[in-house]
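One structure below.
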Number of protein chains: 2
Amino acid sequence: MYKTLLQTNMQKAIKLARTSGYDLPVGCFILDSNDNIIAQATNEVQKNNNVTNHAEMLAINKATKKLNTKYLNNCKMYVTLEPCPMCAWAIILARIDTVYFGAYDSNYGAFLSKYDLRKSINSKLKVYGGICEDDCISLIKDYFKNLRD
Amino acid sequence: MYKTLLQTNMQKAIKLARTSGYDLPVGCFILDSNDNIIAQATNEVQKNNNVTNHAEMLAINKATKKLNTKYLNNCKMYVTLEPCPMCAWAIILARIDTVYFGAYDSNYGAFLSKYDLRKSINSKLKVYGGICEDDCISLIKDYFKNLRD
């Protein structure tokens, strides 16, 4: 099957998400303007006993430290699940250029599903959803199925 | 002048905000169910070169570590400025019981002004705004005035 660059990258994020352990499987990485991965993270809420430790927040913190700058202009984020309002606002504040996400989140998705938080701040952030959507939905469904089994 | 408990506590948060240095002056603390302060923080975005380091995020992280629990049930937060969407969602995720804030934020306030993020998640979080509002507005106004001078 021919895969676009977006799909190849999202498969990397999916592979990462599968290392989330007991946590909801979410994988996220950030590329700099040369398409080098400068930060990656999984959801670590259970692992670190901290509700703010979503994959996107951890990745932003890592990228910020790595580049020693609070703004991530020209950087792109790949994440398997549509960001919640906390992460969406952090992404906007960090001035990330583009977000590519996999599964839409009709309950809490804060870019294209439940809200579009970009509107209130005239953000120029570009957001594309539904990349490798089926695989990203399966990640979440399998997690909850295993919880019940 | 007679001060209510809410006003006395908000004055503590204002005093804290005044220690923010070069950062936008925001002060925040969290009380446990016995009204003991378990965490406090100022806005440290400039200090730490990290856009996610709002006072509320730092206070939640500290409280979470202190209590060794990811949920802050029965805890109250005092903060001088209405939380942004990032902080508001973190507060909701952390299951804080009540938030008391000072100045409303008509641009980005995510509880009572621009949004009410509680609605999408049926949160039971109670939020009261406008406590010592004039003093809290002055904090922000003075900061920007000094920046211009």
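Residue numbers begin at 1 in each chain, while the letters A, B, ... track the order of the sequences.
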Q. Got a second to check how far A:Met57's CE is from B:Met57's CE, nearest 0.5 Å?
A. 3.5 Å
Q.
Is B:Asn48 in contact with chain A via its backbone, its side chain, both, or neither, using a 4.5 Å heavy-atom distance?
A. neither
Q. How long is the gap from CG on B:Leu93 to CG on A:Asn50, to the nearest 0.5 Å?
A. 10.0 Å
Q) Does a side-chain heavy-atom distance below 4.5 Å link A:Thr64 with B:Val51? A) no
Q: Under 4.5 Å, counting heavy-atom pairs only, tell me which of B:Ile60, B:Ile91, B:Asn61 racks up the most with chain A.
A: B:Asn61
Q) Side-chain donor-acceptor pair under 3.5 Å between A:Asn49 and B:Thr69, yes or no? A) no
(Q) Would you compute the distance between atom NZ of A:Lys114 and atom CG of B:Leu117 and round it to the nearest 0.5 angstrom? (A) 10.5 Å
(Q) Quick check: is B:Leu58 connected to A:Val45 through a chain of hydrophobic side chains (ILVMFWY, heavy atoms under 4.5 Å apart)? (A) no
Q. Linking I/L/V/M/F/W/Y whenever any side-chain heavy atoms sit under 4.5 Å apart, do A:Val26 and A:Leu147 land together?
A. yes
Q: Heavy atoms only: give me the nearest A:Tyr108-B:Ser120 pair and the separation to one decimal.
A: CE2-O, 4.0 Å
Q. Are B:Leu112 and B:Leu125 joined in one hydrophobic group, where the rule is that I, L, V, M, F, W and Y side chains link up if heavy atoms are under 4.5 Å apart?
A. yes
Q: Could you tell me the separation between the NZ atom of A:Lys70 and the OG1 atom of B:Thr52, rounded to the nearest 0.5 Å?
A: 12.5 Å
Q | Linked, directly or transitively: A:Val99 and A:Ile140 (ILVMFWY side chains, under 4.5 Å) | A | yes
Q: Quick one: closest heavy-atom pair of A:Tyr115 and B:Asp116, and the distance?
A: OH-O, 4.4 Å
**Q.** Pairs of heavy atoms under 4.5 Å with chain A: top-ranked of B:Arg95, B:Gln46, B:His54, B:Lys65
**A.** B:Gln46
Q) Applying the 4.5 Å side-chain criterion to the ILVMFWY set and letting contacts propagate, would A:Ile131 and A:Ile37 be lumped into a single cluster? A) yes
Q. Among A:Cys87, A:Ala94, A:Ala110, who wins on heavy-atom pairs under 4.5 Å with chain B?
A. A:Ala94
